[in-house]
Each structure stands twice: as C-alpha cells, then as structure tokens.
Amino acid sequence: MTSLIAGNLDAGTSPLEQLPIERLRARTSMKWRAYPADVLPLWVAEMDVLLAPPVADALHAAIDAGDTGYPAGADYALAVRDYAALHWDWHGLDPGRTAIVPDVMMGIAETLKLVTSPSDPVVVCAPVYPPFYAFTKSAGRTVIEAPLGADGRLDLDALGNALAAARAKSGRAALLLSNPHNPTGAAHTRAELQAVAAAAARHQVRVISDEIHAPLVLPGAQFTPYLSIDGAEDAFALISASKAWNLAGLKAALLIAGPAAADLRRLPEEVSHGPSHLGVIAHTAAFRHGQLWLTSLLASLAANRHLLSELLAAHLPQVRYRPPEATYPAWLDCRALGLHDPDTTTGNHIVSDLAGPARMFLDHAQVALSSGHVFGHGGAGFARLNFATSPAILRQAIRRMGDAARAQH
Ligand SMILES: Cc1ncc(COP(=O)(O)O)c(C=O)c1O
C-alpha cells in the first residue's frame, strides 16, 4: 500500500503533495495518531501540508530570538482587518472591538456566556460541526436545531421557526452560525445572510458567526462576512487562520464585536490568558503574508474537489456528493448503502463516535471518516471526508471504499 503513495516530492509542487505518506505517518497530531498505521485518515480537519513559508519564517524568527513570552498588541486584529478589506471588501473591522481568544470554540463558549444565560436556547443549523452541540451544552445552554435544506444550504423558514421557538423560551437566545457551513461547504450568500439578520432582529436573537473557514472559499463562490450585513450590528464573529493555514496547534483566534455589541466589554480578563504568543505570531503572519501559499492551496483543493467527484462516480456510484463551495470537508450522502439507523443523531464525540457508513469504511476499507450522525439532525447515513490530502491518498482511499462497499452486497 505505502509504495503507491510514498516518495520524495519537490518543494515546488502543490501544497498537498509535498509530504510523502511516511512523513505524514510520523506526525504526532490527532489526524495521524488516532488510528492504526494501515488506516488512511480522512477525518479531522487537519491538512496534509507543510507550513506556508512566511508562517514558518515568522515562527523560526521568534524561536531564534527567544521571543516566547506573553502575547501583546493589536497585530492580529490589524492583519485580519487588512485581509478583510483586501479580500472581502469589508472595511468595518475596528481592532478596538476585538479580543484575542485561545481558539474559535473557546471564543464561542465565552461569547455564549456574554449574550445568553444558563439554560437559554442556542439555535444551530443542523447538520453542523459537532462541537457546536458539545460546547453549547457544556456552557449549560440548550440546543434548538434548525435543519438545513436538502441542498445543504440554510432553510430560512426552518430557521425562522427555530428562532421563534428559541425566543419563546427566553429573552436571551442566540444563533450560532457556521459561515461558511461545515460540513456542507455552503458559502452563505449576502442575500441569505441578510435574511438571517432580518429574522434574528425580528425575533431578537443574538448571532454569533463562526468564520473559521472564510479564507477557504473555493473558486466560483464568495465569502460574505456576517458583520458586513446591514442589521448585524449587534452580532459577533470569530475568525482564525487555523483551518486555512493548518495552525490548530498554535492557539489564537480573533473575536470581533459588531458596533452595537457592547457586551464585549464584559469579556472576562482571564480569557486573554489562553492564546499563545507563538499562535498570535503565526496567525498574524498567515493573514499578512500567507496569500500566495493559500492561492496555491485553494487551486489544489479545487482540483481535489473535482477529482473526488470522478472517483466517487467510478468506485462508489451509490454515494451522492455535492462539491462544496468552500473548505475541504466533503459531505458524502451514503444513505443508499443502507448502513445507517435513520434515528441515530448525537451531535457529539466527533473523535470517537463512529456508526453506519463511517464504521463500515473504517472496519472494511481502513479509511477513517467522520461519522455523519454526530453532526446532528440530518447527519445519519452521511460521512464527512477531508480531502485536504494528496490526490494519491484520495485515489487510494476511494478505491478501497468502493471495494468495501461492493463486498457488503
Ligand atoms: C466550523 C468550525 N469551527 C471551529 C472549529 C475549531 O476551531 P478551533 O480549533 O479554533 O476551536 C472547526 C474545526 O474544524 C470548525 O470546522
């Protein structure tokens, strides 16, 4: 197996083809350590890339200078402000209305504590990134699901109903949005977000927009910052370089308050103790100097998005896949394989909880995917595949999955 996808690859090739599999297997992070060595891991959202050179240079410089103390200053916010102006034509980010938080999910948990009270409802658009459920529950809040449409996009009627139900339960309800949406890869349009903002205002529900995948919008689609929408002035957004530049191990994210979100002032000082100085340096360098590398990555992801369609058509024609507009999870509709219990949804345990198709592909194809049922309502029978890997690994994984599916019948 290894020989097909091993070898020494040039530095000039795609960011997704610079690491032979034996070097990936030597990694100590979650993606490559959670499963035995014969498993191809296409699950958690880590990418099989080297660091963007400007990010590596910034980290090397900090290490060489012994610059490893506590974070200070507004460089991260300024870098995101300038990135947003250049790439999204959004000029409304005021660094004075931001806070550096340890990571996006911790930032979300802290923001939920600002805008809601214990046991208040939080609306999520299901299926969605499972920690939206886990973090909401561990903050003592309750989840109300607004199912997405069959096209994997926001269903504005369902969302309106969920917001009304949330508001009926409490005067302090929140909507937690994934913009773009993980796992369906929908890049919400300006019109969709305007409708969300209007509905949130109508029901007096505060919006928190998780924009961690924003720099990863693929050719053909566009990212719209939620805070750039009229009517979103009292919302919060969270952004980080961690998904686009593979920096999850270097903790730092930016919480951004809209001009009417005065609650930011109540963010406890302790939260600023979480982010790491090296994280801030790395994320700042990514937003400031990482675009050349990111452009190359996006081209490679777009190629893999297309390759995956071809591979599925050839080896797993029962599996339906709508190529995502943004980011690198592919949301595979495996319901036609008949392997799932339609009632199983947990909204929890992305790491360990495997059922239905993901269980079968792990056991019989030695390919690790994320199990759809943990993404909440509408997830059972789906599996999420991370295609931020080399075409060679992708080819081998889908071939193996096709063989395993055929052997089931
Ligand atoms: C939508 C979304 N939010 C948050 C995260 C996690 O971000 P962090 O590690 O900064 O908490 C992920 C990771 O994949 C994600 O997909």
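Note that ligands are numbered from 1 as they come in the structure, with each ligand's atoms numbered from 1 the same way. Remember, predicted model here, so these are calculated numbers, not experimental data.
- Across all non-hydrogen atoms, the minimal contact from P219 to A302 is CD-CB, 4.0 Å.
- Counting protein heavy atoms only, atom 11 (O) of ligand 1 is closest to M105 N, 3.0 Å.
- If you look at M106 next to ligand 1, there are no close heavy atoms at all, none under 4.0 Å.
- Proximity of V104 to ligand 1, defined as any heavy-atom pair under 4.0 Å, is shared by backbone and side chain alike.
- When non-hydrogen atoms are compared, ligand 1 lies under 4.0 Å from the side chain of A45 (C-beta onward) but not from its backbone.
- Proximity to H213 (heavy-atom distance under 4.0 Å) selects the following atoms of ligand 1: 1 (C), 15 (C), 16 (O).
- Counting heavy atoms under 4.0 Å from ligand 1, residue D103 touches it through both backbone and side chain.
- Using a cut-off of 4.0 Å between Lys/Arg side-chain N and Asp/Glu carboxylate O, E22 and R25 are scored as not salt-bridged.
- Classification of D151 and R153 as a salt-bridged pair fails, no side-chain N sitting under 4.0 Å from a carboxylate O.
- Polar contact check, S240 against ligand 1: no nitrogen or oxygen pair lies under 3.5 Å apart.
- Counting only heavy atoms of the protein, atom 7 (O) of ligand 1 lies nearest to I212 CD1, 3.1 Å.
- Nearest protein neighbour of atom 6 (C) of ligand 1, counting heavy atoms only, is Y129 OH, 3.3 Å.
- In this structure, H87 and Y83 have tilted ring planes: the angle between them lies in the 30° to 60° band.
- Within 6.0 Å of atom CD in Q222, 12 or fewer heavy atoms from other residues, nucleotides or ligands are found, so the atom counts as exposed in its surroundings.
- Using modelled atom types and a 3.5 Å distance limit, the side chains of R172 and S117 yield a donor-acceptor pair.
- Shortest non-hydrogen contact noted between S240 and S242 is OG-N, 2.8 Å.
- Among all non-hydrogen protein atoms, the one lying nearest atom 14 (O) of ligand 1 is K243 NZ, 3.3 Å.
- Looking at ligand 1, you'll find an N or O of N182 within less than 3.5 Å of one of its N or O atoms.
- Under a 4.0 Å N-O distance rule, the pair D75/R288 does not qualify as a salt bridge.
- Checked by distance only, ligand 1 and D210 come closer than 3.5 Å through their nitrogen or oxygen atoms.
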